[in-house]
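Since the structure comes first, as structure tokens, the remarks are kept for the end.
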Amino acid sequence: MAEAADFQGTSPSPARRWLRRTGAVLAGTPLLAGFLQLPAGSPAEAATPAAPRAASADGSVAVSVDSLTPGAPSEGDTVTVSGTVTNKGKKAVTDASVGLRVGSLLDTRSSIDTAAKNSGDVDSPAGAEIDDKYTEKFSKLTPGVSQPYTISVPADELDLGQDGVYDLSVTLTGETSDQPWEQTLGVRHTFLPWQPDELDAKTKTTFMWPLVSTVHMTAETGSDEEQTPVFHDDELAAEISPGGRLDRMVALGKDLDVTWVIDPDLLASVEAMTTRYEIPGENTDDQDVVGGHQEVAKRWLTEVQKAVADKEVVALPFGDPDLASLAHHGTSVTGSLRHLKEATDVAARTVESILHVVPSTDYAWPVEGAVDPSIIKVATSAGADKVIVRGDTFEGGRDLTYTPTAPRPIGGGTTAVVADARLSTVFDGVMTRASASTQAVQRFLAQSLTLALQTDRPRSVVVAPQRTPSAAQAQTMAEAIGALQDSTWSQPQDLTAAAKSKPDPAAGTDVPPASAYPKSLRKQELPRSAFEQIARTQDKLDRFKVILSDQSRVVTPFGRALNRGMAVSWRGRPAEAAIYRSGVETYLDTLSSQVRLIEKSETKLSGRSATIPVTVQNNLVQGVEHLVLRLTSTNPTRLQIDGDAYEEQPVAVSGGHSQSVKFTTNANANGRATVVAQLYTQDGRPYGQPVTFDVKVTEITATVMLVIGGGVLLLVLAGFRMYTQRKRAAARQAEEREQDDASDEADADAADKGAKNPAVSETRPTGESAPRTGEDAPEQPSDPARDTAPESADPSGTGERVDR
């Protein structure tokens with residue numbers, strides 16, 4: 001009777017197997033003696049046929065369903081199922097047969113979950129096998145060898161009745177040498193949605209299609225005019241190259257009715273790759289490697305622009321900040337919410353400038369849609385009034401027998417858009433195997449149809465899948481969405497329309513408490529130290545930017561890097577996240593140190609007053625300004641700066657130059673005085689490290705002044721004496737010239753008289769010469785001694801001084 005109650009070919013339940021085996025033992029005991037006395041029966045009598053029995057829960061033969069088309073058949077369609085069967089045992093399987101069985105109607109969403117969990121259990125009810133002509137037979141299955149199968153059945157032959165989801169299983173029956181009877185050795189359960197007629201109240205389904213990646217760009221840029229960006233790796237190029245994850249997301253999504261959810265940082269990073277970009281070498285001595293994927297980046301951005309045209313685009317805050325981490329650890333750190341506001345403000349500009357569409361920034365998307373009051377508060381602090389949450393972390397409602405519509409007003413003008421948990425998580429697994437992908441598609445369709453059949457109320461359903469689907473997961477998602485869009489029970493809807501739909505008054509609107517937040521997610525959050533480091537870096541940036549002539553060259557790359565430092569993608573990678581944040585801070589310190597004071601050695605000061613130069617060096621590309629240099633004497637009684645303890649002077653230095661600033665000092669006593677030079681910003685905050693040096697003061701005494709004065713007086717007297725001597729010599733020379741002129745005139749007169757009176761000439765004694773004058777005249781004892789040489793009558797040379 002127990003066997004008769006089961007369908008032929010199905011495995012009995014464990015309770016029934018126990019009853020049957022116990023009954024067989026009790027019934028066989030009194031007959032044992034008779035078997036020993038009676039002659040053996042004929043072989044034909046001994047080989048009475050028996051119903052197939054299951055071997056074990058998992059089965060010794062693995063059955064896969066790699067394809068099921070169409071996923072949601074209608075009347076007149078032919079259902080084709082294909083896959084493989086693999087003998088996992090050590091014995092060959094003979095007389096093997098692969099067939100289809102249609103099980104019971106799965107009329108609840110939980111029953112679909114249970115069937116999916118036990119999809120390979122040979123003990124699960126599988127229903128009656130379809131006509132034998134729709135089977136595929138194998139004479140032998142060798143251990144470890146896979147065999148493909150394909151079975152096509154007209155939908156009319158499946159004997160489907162009521163609309164809904166049916167358990168469709170593929171079973172393999174056969175024999176082994178140690179168990180020579182027909183038995184079920186392997187099974188694979190899947191789902192067959194059956195809704196041939198259009199529903200009057202179709203479910204409006206919104207599918208979020210995320211374009212999100214991990215962090216790739218650093219804060220560093222080149223010193224050239226274009227500010228060549230620097231990436232910490234080149235993995236983004238692989239994602240956007242043909243066949244890459246993001247390339248597949250765009251190629252698949254462009255033909256689907258989806259809402260694009262985009263991290264602007266991804267777009268900005270790819271746009272930076274369209275020109276020259278660099279990647280640091282593996283070692284510190286290696287030169288930066290120039291990235292060479294400009295054409296790939298340009299092509300991908302062009303494809304994204306085409307894909308999102310006329311589609312709804314939702315822009316996440318720049319860098320996709322971790323809202324839960326910010327709420328639980330960042331709000332206690334001053335300035336953390338400021339970064340979220342900046343990330344939200346820049347998001348719309350980035351998307352619009354690159355994709356030429358106006359995105360919506362009204363949505364916040366916490367990790368896996370898990371929220372508590374603090375997360376809601378942080379999520380809406382930057383202007384978002386709609387929060388994407390997930391149904392498994394949000395109360396559905398009291399005594400509801402159906403899934404309520406997505407929007408839920410939660411107070412304060414905020415709407416919680418509740419994504420369906422079952423539909424959102426069905427693609428989380430590894431989808432590289434065709435069997436896993438097919439199972440996910442059929443489960444998605446089954447859950448969607450069952451949800452649609454729950455009530456005739458109009459509802460909006462939102463699907464929020466994982467943030468960064470793999471290429472295989474994206475392919476599976478696209479297949480499921482395509483099948484759903486062709487279905488008779490669902491129609492597409494964008495996210496804004498879903499959020500504005502009429503809420504269900506019976507749906508729950510209470511935000512879960514903090515204690516209900518999943519512990520597994522809390523363990524992956526960014527620590528408080530991460531936000532403290534970000535705040536410290538921001539403070540350094542604020543002090544640095546005020547001295548720059550072109551702040552945008554620094555503020556923009558560092559501001560975006562700080563947004564990336566709190567990204568969701570750092571979850572589960574705490575070491576990498578810490579390295580990234582430290583790299584940003586270290587690079588900022590390096591830039592700040594390029595504007596500094598040059599070290600000075602001890603300075604000696606001789607005299608009561610002198611100037612001390614202090615040099616400011618600027619090794620940045622751009623000029624610096626709005627700086628003040630203060631020179632302070634630590635001992636103003638000995639050394640004063642401009643008559644006081646310190647003096648300040650404004651500083652402006654061009655890029656790549658140095659400037660010396662001079663300070664006037666006054667010495668009051670001998671000895672050493674320590675002087676401190678420090679740069680300040682205009683708001684009075686110290687900038688850079690101070691430079692400290694000693695000034696050795698040597699005061700001038702009265703005795704030294706007398707010695708110096710006497711020496712100066714001697715020099716003056718000597719000069720006066722030389723002047724008077726030269727003046728007297730010039731007077732004597734003038735007097736001699738007058739005497740010579742008078743003598744020449746007398747000789748001339750005498751000569752004239754001699755010519756007129758020859759007698760006089762002739763009576764002069766023989767051998768007597770005329771008197772000598774000038775140089776030839778004999779020197780007389782009474783002549784004064786000469787103190788200068790006779791003046792030359794020749795013309796003076798060039799540059800030669802001529803006395804008059």
Side-chain angles (χ1 to χ4, degrees), residues 212-221 232 262-269 315-351 359 361-367 374-385 387 467 524-546 551-571 573-574 576-589 591-592:
V212 180
S213 184
T214 56
V215 175
H216 300 283
M217 285 187 67
T218 68
E220 185 175 354
T221 59
H232 66 73
I262 302 177
D263 176 10
D265 177 38
L266 171 61
L267 300 180
S269 298
L316 299 173
F318 192 98
D320 190 18
D322 192 334
L323 301 178
S325 297
L326 190 57
H328 296 156
H329 305 288
T331 52
S332 58
V333 179
T334 304
S336 295
L337 291 180
R338 162 189 173 185
H339 296 289
L340 178 60
K341 182 64 170 60
E342 292 175 350
T344 302
D345 292 342
V346 76
R349 298 195 302 269
T350 303
V351 174
T361 57
D362 298 335
Y363 297 88
W365 189 15
V367 176
S374 65
I375 297 175
I376 296 292
K377 183 177 180 180
V378 166
T380 57
S381 64
D385 58 0
V387 183
R467 257 178 165 75
Q524 297 179 344
E525 292 177 348
L526 301 177
R528 175 186 169 89
S529 59
F531 295 97
E532 291 175 340
Q533 186 174 31
I534 291 172
R536 184 171 63 248
T537 305
Q538 180 64 57
D539 183 64
K540 293 180 179 180
L541 179 61
D542 291 339
R543 280 183 287 173
F544 181 48
K545 70 181 182 181
V546 297
Q551 296 185 5
S552 63
R553 288 183 63 92
V554 172
V555 172
T556 299
F558 275 98
R560 302 295 76 79
L562 293 178
N563 294 144
R564 298 183 186 109
M566 57 177 67
V568 169
S569 61
W570 295 123
R571 280 183 171 248
R573 302 188 298 156
E576 295 177 51
I579 292 173
Y580 181 84
R581 292 190 301 270
S582 296
V584 173
E585 184 177 13
T586 300
Y587 181 59
L588 180 59
D589 291 339
L591 288 182
S592 300

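Numbering of residues begins at 1 and proceeds along the displayed sequence.
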> Below 4.5 Å, heavy atoms only, C-beta onward: do V554 and F544 meet side chain to side chain?
Replying inline: yes
>> Show the nearest heavy-atom pair for residues S213 and S569, with the distance to one decimal.
In response: O-CB, 4.2 Å
> Do the non-hydrogen side-chain atoms of Q538 and R338 ever get within less than 4.5 Å of each other?
Replying inline: yes
>> What's the separation between atom CD in E342 and atom CZ in R560, rounded to the nearest 0.5 Å?
In response: 6.5 Å
> Just one of V333, T334, T537 clears the side chain to side chain contact (heavy atoms under 4.5 Å, CB included) bar with E532, so which one?
Replying inline: V333
> Looking at V584, V215, T214, which one forms a side chain to side chain contact (heavy atoms under 4.5 Å, CB included) with R564?
Replying inline: V215
> Which value, rounded to the nearest 0.5 Å, describes the distance between L562 atom CG and Q533 atom CD?
Replying inline: 10.0 Å
> Got P527 and H329 here, is their nearest side-chain heavy-atom distance under 4.5 Å?
Replying inline: no
>> Strictly below 4.0 Å, N to O, side chains only: are R581 and E585 in salt-bridge contact?
In response: no
>> Using only atom types and a distance under 3.5 Å, with no angle test, would you say the side chain of Q524 pairs donor to acceptor with the backbone of R571?
In response: no
> What orientation do W570 and Y580 show, parallel under 30°, tilted 30 to 60°, or perpendicular over 60°?
Replying inline: tilted
> Rounded to the nearest 0.5 Å, what separation is found between the CD atom of E220 and the OG1 atom of T586?
Replying inline: 11.5 Å
>> Is there a side-chain contact between H339 and N563 in this structure, where contact means two heavy atoms from C-beta onward sitting under 4.5 Å apart?
In response: yes
> Backbone N or O of G319 within a donor-acceptor pair of the D263 side chain at under 3.5 Å?
Replying inline: yes
> At their closest point, which heavy atom of H328 faces which heavy atom of S374, and how far apart are they?
Replying inline: CD2-OG, 3.5 Å
>> Looking at every heavy atom in both R467 and P366, which two are closest together, and how far apart are they?
In response: NH1-O, 3.6 Å
>> Side chains of D265 and D320, heavy atoms from C-beta outward: is any pair under 4.5 Å?
In response: no
>> Contact between L337 and L326 at the side-chain level, heavy atoms closer than 4.5 Å - yes or no?
In response: yes
>> So L340 and S381, do their side chains get closer than 4.5 Å, heavy atoms only?
In response: yes
> Is any side-chain heavy atom of F531 closer than 4.5 Å to a side-chain heavy atom of S332?
Replying inline: no
>> Show the nearest heavy-atom pair for residues A219 and A561, with the distance to one decimal.
In response: CB-CB, 3.6 Å
> Minimum heavy-atom separation for L526 to A530, with atom names?
Replying inline: CB-CB, 4.3 Å
> Rounded to the nearest 0.5 Å, what separation is found between the CG atom of L588 and the CZ atom of R543?
Replying inline: 9.5 Å
> Do any N or O atoms from the side chain of D385 and from the backbone of T380 form a donor-acceptor pair under 3.5 angstrom?
Replying inline: no
> Would one find more than 12 heavy atoms of other residues, nucleotides or ligands at under 6.0 Å from atom NZ of K545?
Replying inline: yes
> Which pair of non-hydrogen atoms, one from W365 and one from L323, has the smallest distance, and what is that distance?
Replying inline: N-CD1, 4.1 Å
